Amino acid sequence: MSFRETLKRSDAVVGVVKDARRLVGAVRHNNTIGRNGRLIRQYLQSHEVRKLHIGAGYTMLDGWLCTDLEPRFNSAVFLDATKPFPFEDATFDYVYSEHMIEHIPYIDGMFMLRECFRVLKPGGSVRIATPDMKVLLNLYAGPDGPVAEQYMHWITDRFLEGVHVYKPQFVINNAFTNWGHRFLYDAEVLGAALAESGFQDVRKVTTGQSTEPQLCGLESHGKYIQDEAMADFETMVFEARKP
């Protein structure tokens, strides 16, 4: 067999493999769409008060439609928050997201907030929890109190392999470069983003607390990282209302 004939046969084999991969990908995509549609319909038909959880991860909130880019549970729905949400306008009473928006670029975060606004009913509320950049940057001036000092030690000991000094430079760099973070907010920027997306009554609230019972006790980042005090230190929470 000549080299040219061998190459042609190899190209044919490569083509078959590529076609097979495309077919498998298409089947998986169609299965995901079908499964998503079924789970969404079941949720909307069985819940009078409708609540959307974006970026659920390992936290499945009872009574919420829990979604994630990589669903960890069969009952969770695939949702790419940087793309149009697969819901009609004014579908939900509440939307909630915790430690997720910082994992996408600012422009995509704005798109996500506008989609949250779109799918909320008039009078509905959004709740966003995310790391507070100001709290983290304030460490550079020196830890202000025992909790800040504890946070620096906790981050260094747990996440900064090979670092043997407790310096804010390392902790701050870690916040920007670890865990897939793409954009960190402070209160001014997140509040402005919510307002620009159409929300009113934009306010910073306490972790785990809300004037709306449906939004109380939602934060679980402390359980995930196994330290409630450290989660409270680094996290800010905002709520806002769709008029």
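Please read all numbers here as calculations on a predicted model, not as lab measurements.
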- Query: Between Ala193 and Met110, which heavy-atom pair has the shortest distance, and what is it?
  - Reply: CB-SD, 3.4 Å
- Would Met230 and Glu234 count as a side-chain contact (heavy atoms from CB on, under 4.5 Å) if you check the C-alpha gap in whole Å, the side-chain angles of each, and the deciding distance to 0.1 Å? CA-CA 6 Å; Met230 297 299 92; Glu234 70 180 8; over 6 Å; no
- Message: Can you tell me how far apart CD (Gln150) and CZ (Phe233) are? Round to the nearest 0.5 Å.
- Response: 10.0 Å
- Item | Distance (rounded to the nearest 0.5 Å) between Tyr106 OH and Ile104 CD1 | 11.5 Å
- Using modelled atom types only, decide if a donor and an acceptor are shared between the side chain of Arg158 and the backbone of His153 within a distance under 3.5 Å. no
- What is the ring orientation for His99 with His221, classed by angle as parallel under 30°, tilted 30 to 60°, or perpendicular over 60°? parallel
- Kindly indicate whether the side chain of Val95, heavy atoms from C-beta on, has any atom under 4.5 Å from the side chain of Ile54. yes
- Message: Under a 3.5 Å distance rule, please check whether Ser197 uses its side chain to pair with a backbone N or O of Phe199 as donor and acceptor.
- Response: no
- Item | Side-chain touch Asp227/Trp154, heavy atoms, less than 4.5 angstrom | yes
- Side-chain (Arg35) to main-chain (Asn74) donor-acceptor, under 3.5 angstrom: yes
- Message: Pro243: which residues meet the side chain to side chain contact (heavy atoms under 4.5 Å, CB included) condition with it, sequence neighbours left out?
- Response: Phe117, Gln200, Arg241
- Salt bridge or not for Glu212 and Arg127, using N-O below 4.0 Å? no
- Linking I/L/V/M/F/W/Y whenever their side-chain heavy atoms sit closer than 4.5 Å, directly or via other members, would Met100 and Leu65 fall into one cluster? yes
- Task: Decide yes or no for Ser125 and Glu239: does some side-chain heavy atom of the first lie under 4.5 Å from some side-chain heavy atom of the second?
- Result: no
- From Met60 atom CE to Ser75 atom OG, the distance as rounded to the nearest 0.5 Å: 3.0 Å
- Message: Using 0.5 Å steps for rounding, measure from the OG1 atom of Thr156 to the OH atom of Tyr166.
- Response: 6.5 Å
- Distance (rounded to the nearest 0.5 Å) between Ile107 CD1 and Thr82 OG1: 12.5 Å
- Consider only side-chain heavy atoms of I, L, V, M, F, W and Y, link residues closer than 4.5 Å, and tell whether Tyr58 and Ile101 are in one cluster. no
- Query: Take atom CZ in Phe73; do more than 12 heavy atoms of anything else shown fall under 6.0 Å from it?
  - Reply: yes
- Query: Could you walk me through whether Phe78 and Thr67 pass the side-chain contact (heavy atoms from CB on, under 4.5 Å) check?
  - Reply: CA-CA 6 Å; Phe78 168 82; Thr67 70; over 6 Å; no
- Item | ILVMFWY cluster, Leu69 and Tyr224 together (side-chain gap under 4.5 Å) | no
- List for me each residue that meets side chain to side chain contact (heavy atoms under 4.5 Å, CB included) alongside Leu44, sequence neighbours excluded, and say none if there are none. Ile40, Arg50, Thr91, Phe92
- Note on the structure: On a heavy-atom basis, the closest approach of Gly63 and Tyr43 is O-OH, 2.8 Å
- Note on the structure: In terms of heavy-atom contacts, His103 and Gly180 come closest through ND1-O, 3.5 Å
- Message: Show me the pairs that pass side-chain hydrogen bond (donor to acceptor under 3.5 Å, both in side chains) and involve residues 180-191, at least two apart or across chains.
- Response: none
- Task: Please name all residues satisfying side chain to side chain contact (heavy atoms under 4.5 Å, CB included) with Ala129, sequence neighbours left out, ordered by chain then number.
- Result: Glu98, Glu219, Thr235, Val237
- Partner of Phe176 under side chain to side chain contact (heavy atoms under 4.5 Å, CB included), picked from Ile172, Asn173, Asn178, Asn174, is Ile172
- Message: Do Val205 and Leu190 sit in one hydrophobic cluster, given that two such residues count as connected whenever their side-chain heavy atoms are within less than 4.5 Å of each other, even indirectly?
- Response: no
- Message: For a quick test of reading the model, state the closest non-hydrogen atom pair linking Asp68 to Ala56 and the distance between them.
- Response: OD2-N, 3.3 Å
Would you be so kind as to tabulate the donor-acceptor pairs closer than 3.5 Å made by side chains of residues 130-148, with sequence neighbours excluded?
unit_1 : atom_1 : unit_2 : atom_2 : d
Thr130 : OG1    : Glu102 : OE1    : 2.8
Asp132 : OD1    : Lys134 : N      : 3.0
Asn138 : ND2    : Lys134 : O      : 3.3

- Message: If you define the side chain from C-beta out and look only at heavy atoms, does anything of Thr59 sit under 4.5 Å from Ser220?
- Response: yes
- Query: Would you say Asp93's side chain and Gly124's backbone share a donor-acceptor pair under 3.5 angstrom?
  - Reply: no
- Query: How long is the gap from CG on Asp232 to OG1 on Thr206, to the nearest 0.5 Å?
  - Reply: 9.5 Å
- Task: For residues Lys242 and Lys121, determine if any side-chain heavy atom of one lies less than 4.5 Å from a side-chain heavy atom of the other.
- Result: no
- Query: Arg118 side chain to Cys116 main-chain N or O, any donor-acceptor pair under 3.5 Å?
  - Reply: no
- Task: Over all heavy atoms of both residues, which pair between Leu79 and Pro86 is shortest? Give the atoms and the distance, please.
- Result: CD1-CD, 3.5 Å
- Task: Considering only Ile, Leu, Val, Met, Phe, Trp and Tyr, and joining two whenever side-chain heavy atoms are under 4.5 Å apart, list the other residues clustered with Tyr96.
- Result: Val49, Leu61, Trp64, Tyr94, Leu215, Leu218
- Item | Same apolar cluster: Val165 and Tyr151, side chain cutoff 4.5 Å | yes
